[in-house]
Amino acid sequence: MRNRRWGRRARKSGPAQLKLTSMMDILTVLLLFLVKSFVVDTPVTPVPGVTLPESTSKETPEESFVIAITGPDILVDGERVSSVDEATAGSGLFIASLGEHLATIRTHKQELARMRGLEEEAGLGPVTVQGDRAIEYRVLERVLYTLGQEGFSEISLAVIREA
Amino acid sequence: MRSRKNKRFRKIVEADLEILPLMNLFVVLIPMLLLSAVFLEIAVVRMDLPSDEADANPAEESLDLAVRIETGRYVIQGRALRETEVERDGERDRDALTDALRDLASTYPENKAVRIVSHASTQYEEIIRVMDASRDAGMPLVSLQSAGE
């Protein structure tokens, strides 16, 4: 009796099969969610060490070079240029090391523009400033002033879009 | 003949869907999308710095509206305007400031500029918050000014 039952059962089930339907459901939902939130390319990626402030701004960032102000350092395109302490040391607003760096970038851009045959100065393009939410106005002021002195006047302050 | 047809039919009904290729695709796609998913959306606040040629002195008839960030309060001041204080405590402060600025914006609809006057130790987050408030109130042209210690 027992033997017969065993035999029947084994024959009926055949090769073992996984029940994949519920897993497929999960995967489909997950896939749809991820495809929906898929962004082809973000022109601005947050610099490590910077916690951006939240804002209600809806403007999308554009491709540009990035000045990041982390707690202790000022970085241009990921390269450390000056420390915040150095930058805020004097009473003057101009940050010399940052200024030098910006001047190099400006010469590069102007040379590129000349090689492309653009005669008139077409502006230096936008600059994105990624400041940590806890930095003080004295740093921001100096960075913005230096940018202005070097001819960069289109400033974008990067923020995290509030939900 | 008939019985053969029947048997064939039964065979088709019992057939399982071949979902293994689909599974393979999913297993590859999901990690890829997860890796590239952006959970923090970045936006920007645009600001134009004045060039050297720009007139440093605003026109006489303009409102010259300014928001001073003080400890514990915002002070809204402007030409021919009574100084208004808005309390500054935590999350609700921005709404209060937005309301106050919106009132001013409806009184002076042609005014689009706000100066944000901050102290050296004012936090960046605070400044962005005031920018948000003034943009929400319909005055998107913000400029920064130091209060001078």
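By convention in this document, chain letters (A, B, ...) are assigned in the order of the sequence lines, proteins followed by strands, and residues within each chain are numbered from 1. Just so it is clear, the values below take in all heavy atoms, side chains as well, and ignore hydrogens, waters and symmetry mates. None of the values given here were measured: they were computed from a predicted structure.
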[X]-[Y] co-clustered via ILVMFWY side chain contacts under 4.5 Å:
| X | Y | answer |
| --- | --- | --- |
| A:F33 | B:M32 | yes |
| B:L104 | B:L141 | no |
| A:F65 | A:V159 | yes |
| B:V117 | B:V67 | no |
| B:V130 | B:V75 | no |

Go through the atoms of [X] and report whether side chain, backbone, both or neither lie under 4.5 Å from a heavy atom of chain B.
| X | value |
| --- | --- |
| A:T60 | backbone |
| A:E59 | both |
| A:L52 | side chain |
| A:Y145 | neither |

When rounded to the nearest 0.5 angstrom, what distance separates [atom1] in [X] from [atom2] in [Y]?
| X | Y | atom1 | atom2 | value |
| --- | --- | --- | --- | --- |
| A:L34 | B:L34 | CG | CG | 5.0 Å |
| B:Q123 | A:I135 | CD | CD1 | 9.5 Å |
| A:R133 | B:I127 | CZ | CD1 | 14.5 Å |
| A:E136 | B:E126 | CD | CD | 12.0 Å |
| A:R142 | B:S146 | CZ | OG | 8.5 Å |

What closest approach, in Å, do [X] and [Y] show between heavy atoms, and which atom pair accounts for it?
| X | Y | result |
| --- | --- | --- |
| A:P61 | B:A43 | CD-CA, 4.2 Å |
| B:V44 | A:S57 | O-OG, 2.6 Å |
| B:H119 | A:Y137 | O-CB, 3.2 Å |
| A:S55 | B:R135 | OG-NH2, 3.4 Å |

Quiz item: Taking everything shown except A:M23 itself, do over 12 heavy atoms lie less than 6.0 Å from its CE?
Solution: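 Check fails, neighbour count at 12 or below.
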
Quiz prompt | Top contributor to chain B interface from A:I69, A:L147, A:D132 [non-hydrogen pairs under 4.5 Å] | solution =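 When all of A:I69, A:L147, A:D132 are compared, A:D132 has the most.
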
Quiz item: Non-hydrogen atoms of chain A under 4.5 Å away: do they reach the side chain of B:I128, the backbone, both or neither?
Solution: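 Looking at B:I128, just its side chain touches chain A.
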
Quiz item: B:R46 versus chain A, heavy atoms under 4.5 Å apart: side chain, backbone, both or neither?
Solution: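 Both parts, backbone and side chain.
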
Quiz item: Do B:F26 and A:T28 come within less than 4.5 Å of each other through their side chains, counting heavy atoms only?
Solution: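 Yes, side chains in contact.
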
Quiz prompt | Worked check of side chain to side chain contact (heavy atoms under 4.5 Å, CB included) between B:Y124 and A:L157 | solution = CA-CA 10 Å; B:Y124 180 47; A:L157 303 174; 3.5 Å; yes

Exercise. Please step through side chain to side chain contact (heavy atoms under 4.5 Å, CB included) for the pair B:L144 and A:L140, ending with a clear verdict.
Key: CA-CA 10 Å; B:L144 296 176; A:L140 187 69; 4.1 Å; yes

Quiz item: Do you know which of B:D136, B:I30, B:L22 has the most heavy-atom pairs with chain A at a distance under 4.5 angstrom?
Solution: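 So the answer, after comparing B:D136, B:I30, B:L22, is B:I30.
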
